[in-house]
Asks: 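Following this message is one structure expressed as structure tokens.
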Amino acid sequence: MSSTYNHQEIEQKWQKYWVDHKIFAAEDKSRKPKYYCLIEFPYPSAEGLHVGHPRSYTALDIIARKRKMEGYNVLYPIGFDAFGLPAENYAIKTGVHPKIKTEENINNFRKQLKSLGLAFDWSREVITSDPEYYKWTQWIFLQLFKHGLAYKAEMPINFCLDCQVGLANEEVVGGQCERCGSEVIKKTKKQWLLKITKYADRLEKDLAGLDYIERVKIQQKNWIGKSEGARVRFKISSPYQGEVSCLPAQAGSDGGVAESIGQPPLTPPWKGGEIKVYTTRPDTLFGATYMVLAPEHELVQQLKDQITNFSEVKDYIKTSAKKSDLERTELNKEKTGVELYGIKAINPVNNQEIPIWLSDYVLASYGTGAIMAVPAHDERDYEFAKKFNLEIIEVIKGGDVSQAAYTDINDGQMVNSDFLNGLNPKEAIVKMTGWLKENNLGEPAVNYKLRDWVFSRQRYWGEPIPLIFCSACKKSMENSKFQIPNSKYNEGELLNPGWVADENLPLELPEIKEFQASGEGESPLAKLENWVNVKCPKCGGSAKRETDTMPQWAGSSWYFLRYADPHNNKALASEKNLKYWTPVDWYNGGMEHTTLHLLYSRFWHKFLYDIGVVPTSEPYQKRTSHGFILGEGGEKMSKSRGNVINPDDVVKEYGADTFRLYEMFMGPFDQAIPWDTKGVVGMRRFLEKIWIRFNGIIEDDIVGGVFAKEPLSDDKNIKELEILLNQTIKKVSDDIENMKFNTAVSALMILLNKYFDLSISDFAKEKIIFEKFSKNFLILFSPFAPHIAEELWQKLGHNKILLKEEWPKADEAKLKDEEVEIVVQINGKVRAKIKLPSDISEEEAIVAAKADLNIQKYLADQKIKKTVFVPGRLISFVI
RNA sequence: GCCGAAGUGGCGGAAUUGGUAGACGCGCACGACUCAAAAUCGUGUAUCGCAAGAUGUGAGAGUUCGAUUCUCUCCUUCGGCACCA
């Protein structure tokens, strides 16, 4: 007679109810406090939803639902990161327009997401490929451009000769094109870059005030890679012409601390007849016995007349340029190099002449592209010096320099170092840095590993970059000492001469039929002459559009702002809404986005803050991360392995509630975990148990009243249940906040089993007790399995839905039992367990312990040396 | 090489201001129901041992009355970075 658990019927019913009654619509005006939950919006791939997506979505769904019941005005939005390569590749193969395919995929995703009963506010959905959306992506880009944070520079990019197309790093697998398998070469191309390096310092410093999980903070910190040291100038001398620092030496004129950060390789900072180096170890300066320049270093070309072996040098430059990244790292054991004959450098601390070498173990893109080599105290320099028989001078005592470089900065004593002798390395760094500054030979400097963000793609399916190149304007700019207007980043440089902003936004993607890249790896847009050739918005002359598009990261760098006001056509969002909703209170996403999306969007947000568009300097207050879901057997899920689990199948067969519950129960949220269909079945059993037990009571009650008419008197069990109930309220509440969903579910299982075990003995069938139990249980359970919880709640006769009930608070007074089991140990081994009142005194407890028969056996004829008492836990005798 | 996370039953895992190791789920075994099977329900389930008991959280040491938890050394797996001066 009891109805079976029909998940399809129940889930459809409640999903419809939630939509019809706009239960999850966030209110822009509310007296309630706001709470903004965010998950990374998906890329709508043709494969559809992966079981990994709902792990993150369900977790924040639980948070969102809990917050709602706690009285918050909750915003939990969803959208689609719809630009991207797969749709474009599909278009190249099939001719189907990416827009069509993307729309199709989005429809599928929407359907899948809705079937999970997630508490999204669908009325705020955003799609990054929608012109009404990317209008503002383009607008932000133009702000960056106008403030001098976007510039065009030559960059080596990955290029597939076969496909004739530029590839992103992720598309290069083992030096080969991911798509066609042919070789990928480096090709130098002009690219748009964004000066994220200008924000390196703030991006690092501001991490301190954020509630991000530690792993994320550490990874971002390492990625930014801040290091402190000194910049030192070495003069160049030539035996033929004496000193060549006749070029205008820039000594002291730049004084800036981080002048060289993140510059692209071909606009180097070095100038004149000296070599600037960056070092974190100025203490070892007396040990510098040679110098090394990166092969790409500009100075090499400048000094070619003085270099007597220039043809040999040229060959070396050629070979190292040919090496792919793969080779350069694979061959990293054996160092190569060539000495520059005809010139020498002068060590500023002792005026010694030292040789200058060229080697690709020095990177052009870091620091100044040149180093002072201290073989005695740097492993790489040591290896190089050994190979080429260069002088090794020990300046820190502490290791054995004949065997290996001594690199410890925390220990040792300076030797052979004149005024530094006797100091430890750290003291020596301070002293040397001061000395360099006094003598105008160097200054403190900061360096970052972070590079500027390569922002252009030679692709179709992305936001067009709304810039126009005009040669007439270029000339007039050059003549009139171009300044970046209204910019606090104005450096007075002639940046991007000839480029003019197209303010007529959105600049929509034109229709095309041929998606294949054109000619020399240009974007397919370059083929559209009608589109490319335009009138210059500034001077009206003939000009050309930029044909590159933006990377996928563009649209996702600010989407969370749009959710605050998704239909605004005057601004990316209104000031009022941004003030109310931002920052995001809790953002969950994948670790793989830590150094890309997460960092990029922090950068954009800080910029928008600086120009007064957003009210906070950080976008996300709290950041957590989920683990991957692997295939059964622990391998990554992939089509080729054939171990992909389709969420649709699971939802259809077992239901969304089972699916959600399983994903939360399967293991620690932040760890990778294999899928296990047996485990899904276990969750389904649990739901059926709940269904049958509750229905049993509901139906019996209708028929003839299972509930006792008179209060029963089984005090002990009632008390026990009450305590367990309060413990569960506390545990589930805390566990959800800490994302320990697996133990929260387990606590709910324990509570359910306890109640129904006890109800066999009838007492629990007192109506008051059942009502108390069922209300709390269903509220606590509802974020995990919302459909079945609402259904049972309604069947119990309630008119108001569970979501509008209040989240319970544990009664602190009822968390502890009056009587507890205390363990008695002898020499650390458990010998007895006794029941005692929880507030028993030490003396009484010891008396009780000694009264235990088993303990007496062990204590017989023994002397007690020590007794330890932990209230409510244990007594330990040491004999 | 560097940075980070993690090693606990047959499996996923639980337990940390140091205090009963193995919660909860899966699997398995036995029993009940059934002509039978499935489902369901009940009981059991770290290892060795008939038992008393002993052993046991990657390995080894240390601190402690007591260590999965703290310290040191080492091993393995996963993730990230990779000549960053």
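Proteins come first, then strands; the chains are lettered A, B, ... in the order of their sequence lines, and each starts at number 1.
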Asks: Counting only side-chain nitrogens and oxygens, does A/Lys866 get under 4.0 Å of the OP1 or OP2 atom of B/C65?
Replies: yes

Asks: My understanding is that a pair needs two contacts under 3.5 Å, Watson-Crick or G-U wobble. By that rule, which nucleotide pairs with B/A5?
Replies: B/U77

Asks: Who does B/G56 pair with, Watson-Crick or G-U, both distances under 3.5 Å?
Replies: none

Asks: Base, sugar-phosphate alone, or nothing: which one does A/Thr279 contact when heavy atoms must sit under 4.0 Å apart?
Replies: sugar-phosphate

Asks: Indicate yes or no for a side-chain donor-acceptor contact from A/His377 to the backbone of A/Val395 under 3.5 Å, with no hydrogens or angles considered.
Replies: yes

Asks: Indicate, with a heavy-atom threshold strictly under 4.0 Å, whether A/Lys740 touches base, sugar-phosphate, or nothing.
Replies: sugar-phosphate

Asks: Could a donor-acceptor pair under 3.5 angstrom be found where the side chain of A/Lys335 meets the base of B/C83?
Replies: yes

Asks: For atom P, what is the distance between B/U68 and B/U57, given to the nearest Å?
Replies: 7 Å

Asks: Just to be sure I understand the rule, does A/Lys833 reach a base, reach only the sugar-phosphate, or reach nothing, if contact means heavy atoms closer than 4.0 Å?
Replies: base

Asks: Look at A/Asn742 and B/G25 and indicate whether a side-chain polar atom (N or O) is within less than 4.0 Å of OP1 or OP2.
Replies: no

Asks: Looking for any heavy atom pair under 4.0 Å, which part of the strands does A/Ile673 touch: base, sugar-phosphate only, or nothing?
Replies: sugar-phosphate

Asks: Which is true for A/Asp735 with a 4.0 Å heavy-atom rule: it touches a base, it touches only sugar-phosphate, or it touches nothing?
Replies: nothing

Asks: Sticking with atom P, work out how far B/A51 lies from B/U45, rounded to a whole angstrom.
Replies: 12 Å

Asks: Under 3.5 Å, is there a donor-acceptor pair between the side chain of A/Thr58 and the main chain of A/Arg55?
Replies: no

Asks: With a 6.0 Å cut-off on ring centres, are A/Phe686 and A/Phe781 close enough?
Replies: yes

Asks: Checking base pairs now: Watson-Crick or wobble, both atom distances under 3.5 Å. What partners B/G49?
Replies: none

Asks: Does any nucleotide pair with B/A85 by Watson-Crick or G-U wobble geometry, both distances under 3.5 Å, and what is it?
Replies: none

Asks: Can you check whether A/Arg873 has a side-chain N or O nearer than 4.0 Å to OP1 or OP2 of B/C65?
Replies: no

Asks: State which of B/G19, B/G4, B/G25 makes the closest approach to the side chain of A/Val868.
Replies: B/G19

Asks: Does A/Glu821 get its side chain close enough to the base of B/U20, under 3.5 Å, for a donor-acceptor pair?
Replies: yes

Asks: Quick one: label A/Gly682 by what it contacts on the DNA or RNA (base, sugar-phosphate, nothing), any heavy atom closer than 4.0 Å.
Replies: sugar-phosphate

Asks: With rounding to the closest Å, how many angstrom separate the C1' atoms on B/C28 and B/C11?
Replies: 11 Å

Asks: Side-chain donor or acceptor of A/Glu214 under 3.5 Å from a matching atom on the base of B/G4?
Replies: no

Asks: When all nucleic acid strands are considered with a 4.0 Å heavy-atom cut-off, which category describes A/Arg831: base, sugar-phosphate, or nothing?
Replies: sugar-phosphate

Asks: Would you say A/Asn222 places a side-chain N or O within less than 4.0 Å of OP1 or OP2 belonging to B/G79?
Replies: no

Asks: Are OP1 or OP2 of B/A85 and a side-chain N or O of A/Tyr361 less than 4.0 angstrom apart?
Replies: no

Asks: Considering only the C1' atoms, how many Å lie between B/A15 and B/A46, rounded to the nearest integer?
Replies: 16 Å

Asks: Roughly how far apart, to the nearest Å, are B/C78 and B/A85 at atom C1'?
Replies: 30 Å

Asks: Assuming nearest nucleotide by heavy-atom distance, tell me which of A/Pro674 and A/Ser227 is located more 5' along RNA chain B.
Replies: A/Pro674

Asks: For A/Gln856 and A/Lys850, indicate whether the former's side chain and the latter's backbone hold a donor-acceptor pair under 3.5 Å.
Replies: yes

Asks: So, does A/Asn643 use its side chain to make a donor-acceptor pair with the main chain of A/Lys636 at under 3.5 Å?
Replies: yes

Asks: Quote, to the nearest angstrom, the C1' distance that separates B/G66 from B/G27.
Replies: 35 Å

Asks: Judged by atom type as modelled, is there a donor-acceptor pair below 3.5 Å linking the side chain of A/Thr289 to the main-chain atoms of A/Glu391?
Replies: yes

Asks: Mind checking who B/G10 pairs with, Watson-Crick or G-U wobble, both distances under 3.5 Å?
Replies: B/C26

Asks: Could you measure between the two C1' atoms, the one in B/A32 and the one in B/A36, and give it in whole Å?
Replies: 15 Å

Asks: Which distance, rounded to the nearest 0.5 Å, do you find between the CD1 of A/Ile690 and the CZ of A/Arg685?
Replies: 14.0 Å

Asks: Counting Watson-Crick and G-U wobble pairs only, both distances under 3.5 Å, name the nucleotide matched with B/A36, or none.
Replies: none

Asks: For B/G31, what is the paired nucleotide under Watson-Crick or G-U wobble rules, both distances under 3.5 Å?
Replies: B/C41

Asks: How far does the C1' atom of B/U20 sit from the matching atom of B/U69, given to the nearest Å?
Replies: 15 Å

Asks: When you measure from the side chain of A/Asp360, which nucleotide among B/A85, B/G25, B/C83 comes out closest?
Replies: B/C83

Asks: Taking only the side-chain heavy atoms of A/Arg685 (C-beta and beyond), determine which of B/C26, B/A6, B/C65 contains the nearest atom.
Replies: B/C26

Asks: For the rings on A/Tyr755 and A/Phe777, is their centre-to-centre separation under 6.0 Å?
Replies: no

Asks: Under the rule syn = chi within 90° of 0, otherwise anti, which is B/G4?
Replies: anti

Asks: RNA chain B: A/Tyr278 or A/Ile750, which has the more 5' nearest nucleotide?
Replies: A/Ile750

Asks: At 4.0 Å (heavy atoms only), tell me whether A/Lys829 reaches a base, stays on the sugar-phosphate, or touches nothing.
Replies: sugar-phosphate

Asks: Between C1' on B/A52 and CG on A/Asn854, what's the gap in Å once rounded to a whole number?
Replies: 11 Å

Asks: Report the base-pairing partner of B/C65 (Watson-Crick or G-U wobble, both distances below 3.5 angstrom), or none.
Replies: B/G19

Asks: What's A/Asp381 touching, base or sugar-phosphate or nothing? Going by heavy atoms closer than 4.0 Å.
Replies: nothing

